[in-house]
Amino acid sequence: MLDVFMLSRVQFATNISFHILFPSITIALGWFLFYFKLRFNLSGHPVWMRIYRFWVKVFALSFALGVVSGITMSFQFGTNWPGFMENVGNIAGPLLGYEVLTAFFLEATFLGIMLFGFHRVPNWMHTMATLLVAVGTTLSAFWILVLNSWMQTPVGFELREGVVHATDWMAIIFNPSFPYRFVHVLLASGLTAAFLIAGLSAYRLLRGDNKKAPFLALKTASYVAAILIPLQIIAGDLHGLNTLEHQPAKVAAMEGVWETKKGVPLLLFAIPDEENRRNHFEIAIPKLASLILTHELDGEIQGLNDFKGEHPPVAAVFYSFRVMLGVGMLMLFTSWLVSFQLLRKKTLHKNILWGLVGMTFSGWVATLAGWYVTEIGRQPYLVSGVLKTVDAVTDIAPGNVLFSLVLYISVYGVLLIAYLRTLFLMARKAVEIEEIQPSERKTQKNSTFYSVPNREVNP
C-alpha cells in the first residue's frame, strides 16, 4: 500500500536534492565573478574579461534553475506539509519573507545589469552590480540556513496550544548551530564552485584550448580549493562538536555507536544493523572517534540505545557521512596535487587534467551527502523536540502525491541532463571562439603536459 508520509518525504527529498545543486554553485561563483571583474579592472588585461564572460553564463544558467526549483519546493509546505506552517509558520514565514526581501530582490534587480550591462552602464556600476549579486546569493543562504538551523536547534520561542510563537528574534536568528552551519555551507559552496571551474577549464585544455583564459581560471580555482579544504576540515570539526552538544543522537548515528561508552573507535567501515542494534564487519581505529569528538582519548559518546525510538535512520546517516568525508579527502589530495604541480613546474600532466574533469561535480556529491546527514539526522523530528515529521504531513490521497512525485523526477531528470550537457557544450563552444589554429590544436593534443602560455597573467 502507498504511504502518503513516505511518498511526501521522498518527494521533498527529490526536490531539495535537485534545488541545492544550484545554490551550492551560485553562492560562491558570484564571488569568483567579482574577483575576475576586479582583476580585469586592475590589470586591464582582456583575458580576465574572457574568463568573466564565460562564467557569468554558467552563473545565469545555474541561478535560473535554482530559482525555479526553489519556488516549486516552497509550494510543498502547503501541499505536502501543512502541519509545518500551521505549527511553526510564525517563525518560518517571516524568515522566508526576509530571504525574498533582502536577498532575492537584490539578486534579481542587479542580475540583469551584470549579464547585459557591460557596454550599457559605466564600468564601476557593472562591477558594483556583480558585487551586489554576490552579496545577494550569500544573504539568501544566510536566511535559509537561519531557518534550517533553527529547525535543528530551536530556541527563542514559546508554545501556545501547540503553536510556536517567537519571543526572541535575535536568539532565533543566531541559534546555537547557525554559525557553524553557515560557515560550513559557504565553504562547501566555495569548493563546489572551485572544482566546477577547474574541471570545465581542464576540459577546455584537453579539447585543445591553448589560450590564457582556461589555464588562469584553472589556477585560480585550484589555489582557492587548496586553501578552502583545510578550513572546511576545521569548520567541520567545530560543527561536529556543536552537534554532539545539541543533537547527540545524530552524532551517534554518524559514528554508528549503539552503546554509550568511553574511548569509542572510529569506524572506517561497518554495516549498521538497526533491527539487532549492532554493526557488522567493523573496520575501526581504536579511540579515534572519542578523540575527534571530545578531544579526549577516553571521552564518552552517547549511544543510539539511549534514544530508542527517537533517533534517525542509522544506515542513511552513517553512509552519507562517510561519503562526505571520502569526497572531502579526495578534494584535499587533488587540489594540493594540482597546486603543487602549478607552483613547481607550471605544467599539468594530461592525466591530472582528466582527474580534474572527473572531479568537476565532486562538490555536488559532498554537498548532497552532507545535506542528507543534516536532514535525515534530525529525524524523527521536523523541528527538533518540537514537531515530529509524521505530525506535519498532509492527509491527501497517496495517489496524488505519487503522481506529482513521478512528474518531479521526470522533469528534474531531464533538466539535470540538459544542464550538464549545456555546460560541456559551452566549454566546447568557448574553445571554438578562441579560434585555435590547426597547428596549435595538433601540438596541444599530442602533448602530455600542458603549460602556462607565454606572457602569463598570474592570478
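Bear in mind the structure is a predicted one, so any value in this text is a computation, not a measurement.
- In this structure, Asn305 contributes its side chain and Thr260 its backbone to no donor-acceptor pair below 3.5 Å.
- Here CZ of Phe77 is found 14.0 Å from CD of Glu86. Values are rounded to the nearest 0.5 Å.
- Between Phe104 and Phe63, the ring-plane angle classifies as parallel under the 30° and 60° cut-offs.
- Note: Phe32 and Phe36 have tilted aromatic rings, judged against thresholds of 30 and 60 degrees for the angle between ring planes.
- With hydrogens and angles ignored, the 3.5 Å screen pairs a side-chain donor or acceptor of Trp336 with a backbone N or O of Ala226.
- With hydrogens and angles disregarded, a donor-acceptor distance shorter than 3.5 Å links the side chain of Lys250 to the backbone of Thr374.
- Between Thr334 and Met331 the shortest side-chain heavy-atom distance does not fall below 4.5 Å.
- Formation of a donor-acceptor pair under 3.5 Å by the Ser404 side chain with backbone atoms of Val401 is found in this model.
- No more than 12 heavy-atom neighbours from other residues, nucleotides or ligands sit within 6.0 angstrom of CE on Met128.
- The structure places CG of Asn123 at 6.0 Å from CZ of Phe118, a figure rounded to the nearest 0.5 Å.
- Side-chain contact annotation: Thr137 with Trp31, donor-acceptor N/O pair under 3.5 Å absent.
- Across Gly156 and Ile172, no two heavy atoms sit closer than the pair O-CD1, 3.3 Å.
- Under the 3.5 Å distance criterion, with hydrogens and angles disregarded, no donor-acceptor pair is assigned to the side chains of Thr153 and Tyr180.
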Handout entry: Test side-chain contact (heavy atoms from CB on, under 4.5 Å) applied to His311 and Glu274, step by step
Key = CA-CA 11 Å; His311 66 70; Glu274 195 161 344; 3.3 Å; yes
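- To the nearest 0.5 Å, the span separating CD1 on Ile20 from CH2 on Trp371 amounts to 4.5 Å.
- Thr360 and Tyr203 are not linked by any side-chain donor-acceptor pair at a separation below 3.5 angstrom, with hydrogens and angles left out of the test.
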Exercise for the section: Go through the steps for Leu21 and Phe361 under the test side-chain contact (heavy atoms from CB on, under 4.5 Å), then give the verdict. Expected result: CA-CA 10 Å; Leu21 300 178; Phe361 300 103; over 6 Å; no
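- When all heavy atoms are compared, the tightest approach of Ile71 to Ser74 is O-OG, 2.6 Å.
- Using a 4.5 Å cut-off on side-chain heavy atoms (C-beta onward), Glu310 and Tyr381 make contact.
- Heavy-atom contacts from other residues, nucleotides or ligands closer than 6.0 Å to CH2 of Trp81 number more than 12.
- Under the 4.5 Å side-chain criterion, counting only non-hydrogen atoms from C-beta, Arg378 is in contact with Asn148.
- Side-chain contact between Lys261 and Glu300 is absent, with no heavy-atom pair separated by less than 4.5 Å.
- With a 4.5 Å cut-off on side-chain heavy atoms, Phe307 and Gln302 count as touching.
- Here the closest heavy-atom approach between residue Ala217 and residue Ile197 is recorded as O-CG2, 3.6 Å.
- For the pair Asp3 (side chain) and Phe5 (backbone), a donor-acceptor distance under 3.5 Å is present.
- Scanning both residues, Ala392 and Leu387, for their nearest heavy atoms gives CB-CD2, 4.1 Å.
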Practice task
Under the side-chain hydrogen bond (donor to acceptor under 3.5 Å, both in side chains) rule, what do Glu99 and Ser140 come out as? Steps first, then yes or no, please.
Solution key: CA-CA 5 Å; Glu99 189 266 337; Ser140 180; 2.5 Å; yes
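- Distance check: Tyr98 OH to Leu147 CG gives 12.5 Å after rounding to the nearest 0.5 Å.
- A distance of 11.0 Å separates CG in Leu337 from CG in Leu332, rounded to the nearest 0.5 Å.
- Here the side chain of Ser222 pairs no donor or acceptor atom with the backbone of Lys219 at under 3.5 angstrom.
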Exercise for the section: Apply side-chain contact (heavy atoms from CB on, under 4.5 Å) to Ser290 and Ile301, showing your working. Expected result: CA-CA 7 Å; Ser290 287; Ile301 298 177; 4.1 Å; yes
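- Of the possible polar contacts, none joining the Ser320 side chain to the Val317 backbone as a donor-acceptor pair under 3.5 Å is found.
- The aromatic rings of Phe18 and Phe22 sit perpendicular, their planes meeting at an angle over 60°, well past the 30° parallel limit.
- Within the 4.5 Å cutoff, no side-chain heavy atoms of Phe178 are placed close to those of Gln152.
- A donor-acceptor pair is defined here as one N or O able to donate and one able to accept, closer than 3.5 Å; such a pair exists between the side chain of Trp150 and the backbone of Val155.
- The only option from Leu266, Ile285, Leu244 that meets the side-chain contact (heavy atoms from CB on, under 4.5 Å) definition with Ile292 turns out to be Leu266.
- Side chain of Arg204 to backbone of Leu200: no donor-acceptor contact under 3.5 angstrom is found.
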Exercise for the section: Could you walk me through whether Thr130 and Tyr52 pass the side-chain hydrogen bond (donor to acceptor under 3.5 Å, both in side chains) test, one step at a time? Expected result: CA-CA 10 Å; Thr130 304; Tyr52 180 94; 2.8 Å; yes
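- When atom types are taken as modelled, the side chain of Asn87 and the backbone of Phe84 share no donor-acceptor pair closer than 3.5 angstrom.
- Phe182 has its ring centre less than 6.0 Å from the ring centre of Phe142.
- When side chains are defined from C-beta on, Glu107 does not count as touching Val67, because their heavy atoms never get closer than 4.5 Å.
- Counting only heavy atoms from C-beta outward, the side chains of Phe105 and Val100 approach each other to under 4.5 Å.
- Residues Glu255 and Leu293 come closest through the heavy atom pair CG-CD1, 3.8 Å.
- Across all non-hydrogen atoms, the minimal contact from Leu139 to Thr102 is CD1-O, 3.5 Å.
- For the atom pair OH (Tyr35) and CG (Leu29), the distance works out to 14.5 Å, reported to the nearest 0.5 Å.
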